[in-house]
Participant: 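Okay, here's the structure, questions in a sec.
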Amino acid sequence: MRILILAAMMALSGCAAGAGAPGAAAERSPFPVHRGDAMAPPSASAHATPPEGVAAGGLDFGAWRQADPVQYAPQFESQVRARFAGRTASELRAGLEANGFLCEDERRLDCRIEIMESGCAYDWYVVLERGAREPVAGFEHLCLGAR
């Protein structure tokens, strides 16, 4: 997550630095005029901000805004493992989606909540590898300046 944010910041700073005479950037651009038909990124409203406390699906997010990720992440993982112990991947997915996670299930079950708030990126994730008995869960945050 942090690498993606840093890469995006570097890309944006490169765009700003390339601003100069009109048409100058277009002449140096290695990209053709038609840049393709990529799908639009997911909308910013795809993830709802989790509550501080218990979500509608019963998962307790606690006081995440003030949390130290070094302490919060292992506590979050312990809670997820205890709450979903012995569940199938489909039951885990249903339980996480009831708590606001968006899930993908291609090569592994990957469920996330990713939000931006007050210049900070917050990421909760729960991943269940194929054949694994317990999910891996975590929490990360990165602020772009003083909080």
Side-chain angles (χ1 to χ4, degrees), residues 1-20 25 28-32 34-147:
M1 175 76 179
R2 292 177 185 171
I3 292 172
L4 293 175
I5 292 173
L6 291 174
M9 288 173 48
M10 289 173 44
L12 289 174
S13 67
C15 291
R28 293 180 296 203
S29 174
F31 301 107
H34 182 275
R35 289 176 171 70
D37 298 319
M39 293 174 46
S43 69
S45 63
H47 289 282
T49 301
E52 285 200 310
V54 180
L59 195 60
D60 188 356
F61 286 92
W64 58 267
R65 286 181 177 92
Q66 297 81 27
D68 174 7
V70 173
Q71 294 176 354
Y72 181 90
Q75 292 170 354
F76 179 71
E77 182 174 57
S78 293
Q79 178 190 183
V80 167
R81 286 183 170 182
R83 182 171 183 79
F84 297 107
R87 305 274 178 95
T88 66
S90 59
E91 291 170 330
L92 175 61
R93 179 181 186 148
L96 291 170
E97 287 177 342
N99 284 284
F101 283 79
L102 295 179
C103 297
E104 295 178 355
D105 190 4
E106 291 180 22
R107 291 175 288 193
R108 64 182 185 181
L109 181 62
D110 187 347
C111 301
R112 295 182 176 272
I113 296 176
E114 297 171 323
I115 63 165
M116 287 291 295
E117 183 176 278
S118 301
C120 295
Y122 296 90
D123 180 20
W124 292 262
Y125 60 88
V126 179
V127 176
L128 182 64
E129 296 287 345
R130 296 276 185 238
R133 293 183 177 264
E134 290 188 323
V136 174
F139 168 79
E140 297 177 348
H141 87 271
L142 175 67
C143 294
L144 306 174
R147 270 190 352 166

Participant: For a quick test of reading the model, state the closest non-hydrogen atom pair linking P74 to P69 and the distance between them.
Facilitator: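 So the minimum-distance heavy-atom pair works out to CD-O, 4.0 Å.
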Participant: Give a yes or no on whether the backbone of A55 and the side-chain of D60 come within a donor-acceptor separation of less than 3.5 Å.
Facilitator: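 Judged by distance alone, no pair lies under 3.5 Å.
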Participant: Could I get the full list of side-chain hydrogen bond (donor to acceptor under 3.5 Å, both in side chains) partners for Q75, not counting sequence neighbours?
Facilitator: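 Q75 satisfies side-chain hydrogen bond (donor to acceptor under 3.5 Å, both in side chains) with no residue once adjacent residues are dropped.
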Participant: Among all residues two or more places apart in sequence or in another chain, which pass the salt bridge (Lys or Arg N to Asp or Glu O under 4.0 Å) test with E104?
Facilitator: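 None.
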Participant: Tell me, do L92 and L109 make a side-chain contact under 4.5 Å, heavy atoms counted?
Facilitator: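 SC-SC contact between L92 and L109 confirmed.
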Participant: Using a 4.5 Å cut-off on heavy atoms from C-beta on, say whether the side chain of L96 contacts that of F84.
Facilitator: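 Yes. Closest side-chain heavy atoms under 4.5 Å.
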Participant: List the residues meeting side-chain hydrogen bond (donor to acceptor under 3.5 Å, both in side chains) with R83, not counting sequence neighbours, and say none if there are none.
Facilitator: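 Result, side-chain hydrogen bond (donor to acceptor under 3.5 Å, both in side chains) vs R83: none returned.
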Participant: For E134, which residues count as a salt bridge (Lys or Arg N to Asp or Glu O under 4.0 Å) partner, sequence neighbours excluded?
Facilitator: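 Here the qualifying residues are R81.
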Participant: Centroid separation under 6.0 Å, is that true for the rings of F76 and F139?
Facilitator: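 F139 vs F76: aromatic centres not under 6.0 Å.
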Participant: Heavy-atom distance under 4.5 Å between the side chains of Y122 and I113, does that happen here?
Facilitator: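 Result no, sub-4.5 Å side-chain heavy-atom pair not found.
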Participant: Return the set of residues passing ring-ring contact (aromatic ring centres under 6.0 Å, His included) with F61 (not counting sequence neighbours), or none when no residue passes.
Facilitator: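 Expected list: W124.
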Participant: Does any part of the side chain of D123, heavy atoms only, come nearer than 4.5 Å to the side chain of H141, both counted from C-beta?
Facilitator: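 Answer no - side chains too far apart.
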Participant: Please report the interatomic distance CG(D110) to CZ(F101), rounded to the nearest 0.5 Å.
Facilitator: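 Going from CG on D110 over to CZ on F101, the span is 10.5 Å.
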Participant: Show your reasoning for whether side chain to side chain contact (heavy atoms under 4.5 Å, CB included) applies to L102 and R112.
Facilitator: CA-CA 5 Å; L102 295 179; R112 295 182 176 272; over 6 Å; no
Participant: Among residues at least two apart in sequence or on other chains, which ones pass side-chain hydrogen bond (donor to acceptor under 3.5 Å, both in side chains) with Q79?
Facilitator: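 Per chain and number, Q79 pairs via side-chain hydrogen bond (donor to acceptor under 3.5 Å, both in side chains) with no residue.
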Participant: Can you name the closest pair of heavy atoms from E117 and T49 and give their distance?
Facilitator: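 Scanning both residues completely, I find the closest heavy atoms to be OE1-CG2, 3.8 Å.
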Participant: Is the shortest distance from a Lys or Arg side-chain nitrogen in E129 or R107 to a carboxylate oxygen in the other one below 4.0 Å?
Facilitator: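 Salt bridge between E129 and R107, a charged N being under 4.0 Å from a carboxylate O: no.
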Participant: Tell me every residue that passes salt bridge (Lys or Arg N to Asp or Glu O under 4.0 Å) with R130, counting only those two or more places apart in sequence or in another chain.
Facilitator: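 If we apply the salt bridge (Lys or Arg N to Asp or Glu O under 4.0 Å) test to R130, skipping adjacent residues, the hits are D105.
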Participant: Considering residues at least two apart in sequence or located in another chain, which fulfil the side-chain hydrogen bond (donor to acceptor under 3.5 Å, both in side chains) criterion with Y125?
Facilitator: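 None.
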Participant: Give me each pair satisfying disulfide (SG to SG under 2.5 Å) with a member in residues 75-119, each pair once, sequence neighbours excluded.
Facilitator: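 Of all non-adjacent pairs touching residues 75-119, those that pass disulfide (SG to SG under 2.5 Å) are C103-C111.
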Participant: My understanding is that only residues two or more places apart in sequence, or in another chain, count here; which of them pass side chain to side chain contact (heavy atoms under 4.5 Å, CB included) with A63?
Facilitator: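 A63 satisfies side chain to side chain contact (heavy atoms under 4.5 Å, CB included) with E52, Q66 only.
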Participant: Do C120 and L144 come within less than 4.5 Å of each other through their side chains, counting heavy atoms only?
Facilitator: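 No; the side chains remain at least 4.5 Å from each other.
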Participant: For R87, give me all partners under salt bridge (Lys or Arg N to Asp or Glu O under 4.0 Å), at least two apart in sequence or on another chain.
Facilitator: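 R87 satisfies salt bridge (Lys or Arg N to Asp or Glu O under 4.0 Å) with no residue once adjacent residues are dropped.
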Participant: Which heavy atom in P135 sits nearest to a heavy atom in V126, and how many Å separate them?
Facilitator: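 In terms of heavy atoms, the two residues are closest at CB-CG1, 3.7 Å.
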Participant: Minimum heavy-atom separation for A67 and Y72, please, with both atom names.
Facilitator: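 Closest approach of A67 to Y72: CB-CD1, 3.5 Å.
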Participant: Under a 4.5 Å cut-off applied to non-hydrogen side-chain atoms, are V127 and R108 in contact?
Facilitator: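 V127 reaches R108 side chain to side chain.
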Participant: Kindly write out the residues that satisfy side chain to side chain contact (heavy atoms under 4.5 Å, CB included) with T88, not counting sequence neighbours, or none if the list is empty.
Facilitator: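 Result, side chain to side chain contact (heavy atoms under 4.5 Å, CB included) vs T88: S90, E91.
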